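Data block below; observations after.
Keep in mind that this is a model prediction, so the values were computed, not measured. Letters A, B, ... mirror the listed sequences (proteins, then strands); counts begin at 1.
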2 protein chains.
Amino acid sequence: MEPTPSAEERILRAALRRFAVEGLGAPLRAVAQDAGVSAGLIIHHYGSREKLLEACDRQALKATRESKLDVMSGGSGAMLAQLAEIEHYAPVIGYVLRRLQAGGPLARQLVDDFAADALVYLEQGTAAGLINPSRDPEARARALTQMALGSLLLQLPAQREPLDLTELPAWLRSYSEALSAPVLEIYSVPLLTDTSMLDAYVAAASEGDSAAPTTEGAPS
Amino acid sequence: MEPTPSAEERILRAALRRFAVEGLGAPLRAVAQDAGVSAGLIIHHYGSREKLLEACDRQALKATRESKLDVMSGGSGAMLAQLAEIEHYAPVIGYVLRRLQAGGPLARQLVDDFAADALVYLEQGTAAGLINPSRDPEARARALTQMALGSLLLQLPAQREPLDLTELPAWLRSYSEALSAPVLEIYSVPLLTDTSMLDAYVAAASEGDSAAPTTEGAPS
DNA sequence: CACTAGGCTATACACGTGTTCAAACCGTGC
DNA sequence: GCACGGTTTGAACACGTGTATAGCCTAGTG
């Protein structure tokens, strides 16, 4: 398509891929070699390593948003795997995972985005009668998003061992298949037999000034 | 109590604390300085940096097990915060979090332990009539554990910025309070209005050879 | 008291990192 | 034909890392 992408673009692409494979913190010289370019040129174009990371962040956020990438609370892996099969998107998914793992400003941004997306999906489901309404839809969407992303992150291979982008779709798929049965159950039949705990909690929370009950942890 | 702990012990303690604060990958010389000891001595006693990490892993696993540290699925932060207030345990909790974040063999071991603990708690709850039984108790316990640990991990401050061990209990507590309402709701009133999706999934999964339904992701 | 073994330190080494810099290269317009 | 501005390179620098080595100082022992 594009006969010869500019070096600056090649660098960004190579960086995204390298960082996805080896984790953020991969040496600059490695991405330079991937891009078929000298190490100094990266600095010349992006100013510093950190700037390059920021550029990758912007790129990942853009690609994430325009691909309407949503994690979905339940079968988080399912849609990710579906998307990761498209050759082009595997690196950004890997980079997003690594960025979530490493923290930073983008991480918060991403979970906010995902939570917002999840919220509208949940509302659609509620309108369609598939999903029960919530006392606090935003909080519920955020909690579900965090749990989905978090459990995925927990399963992510360690940073040291590089993750194979070609096997990433299969890996995501197997992960989601292993988990979808139990979470589907959790979402279908409630964990707790009654709502007494929830009632007690919200009662205590609304009656006290702002504090929640102190010593009582959720039993499950 | 112990008038002067041996240098080897001081090193291990300092390492656990430093790694918890700055993340694994903190320089050896930093833990050396914390222990009031030269850098070479660490090598002399533990052989290499990696060996020291393994020693920390053993120590953390031991402390975790003998303190009956359980994350609990729902208010994961609650009990952790309670435990973190005990001066002695804050470093190991921090180290465990960092180790979960970094991956490695211990990470798997820890989630296995936590899942096993969660399983017995869930079974006790089921016996007491507080918790609904599951089609697959092990899988459910594991899923709940992964979600709890994962969402906690997602909220963990970035590796670069050190985490303040003295504020760790407060941080864990605020985290758990922010999340316990929505997860309590999720565990009380089911997300899905009926069990048709779960039924369809288990039907498809048991009828096909081993595969689960391919294109259908969970709607939430 | 001499001597030795081992905890312990300080220095040095090898290596990989990000970054800088001067020079070479290349296309373009005068 | 030629100077010029941007691109690109390769070598070099400064620094922080883990680790090896050689020595010191103390305690215990004959």
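Between B/I11 atom CD1 and C/dT9 atom C1' the separation is 12 Å, expressed in whole Å. Taking atom CZ of residue B/R29 and atom P of nucleotide D/dT19, one finds them 11 Å apart after rounding to whole Å. If you measure from atom NE2 of B/H44 to atom P of D/dC25, you get 18 Å, rounded to the nearest angstrom. Whole-Å rounding puts the A/Q33 CD to D/dG10 C1' distance at 15 Å. Taking atom CG of residue A/L52 and atom C1' of nucleotide C/dT19, one finds them 14 Å apart after rounding to whole Å. Atom CZ in B/F19 sits roughly 12 Å away from atom C1' in D/dG18 (whole-Å rounding). One can place CG of A/L41 at 15 Å from C1' of C/dG18, the figure rounded to the nearest angstrom. Rounded to an integer number of Å, the gap from A/K51 NZ to C/dT19 C1' is 12 Å.
Using a 3.5 Å distance cut-off with no hydrogens or angles, the side chains of A/D136 and A/S134 do not pair a donor with an acceptor.
Between the side chain of A/Y201 and the main chain of B/L184, no donor-acceptor pair closer than 3.5 Å is present. Side chain of A/R99 to backbone of A/D57: no donor-acceptor contact under 3.5 angstrom is found.
Residue A/L28 is classed as a sugar-phosphate contact, given heavy-atom separations below 4.0 Å to backbone atoms only. Counting any heavy atom pair closer than 4.0 Å across all strands shown, A/H45 reaches sugar-phosphate atoms only and no base atom.
The environment of CD in B/Q33 is sparse: at most 12 heavy-atom neighbours from other residues, nucleotides or ligands sit within 6.0 Å.
Closest approach to the B/I43 side chain among D/dA20, D/dT8, C/dT17 is made by D/dA20 (side chain taken as heavy atoms from C-beta onward).
Comparing B/G40 and A/G40 by the nucleotide of DNA chain D that holds the closest heavy atom to each, the one mapping nearer the 5' end is A/G40. Nearer to the 5' terminus of DNA chain D, by closest-nucleotide assignment, is the contact made by A/S38 (compared with the other of A/S38 and B/R49).
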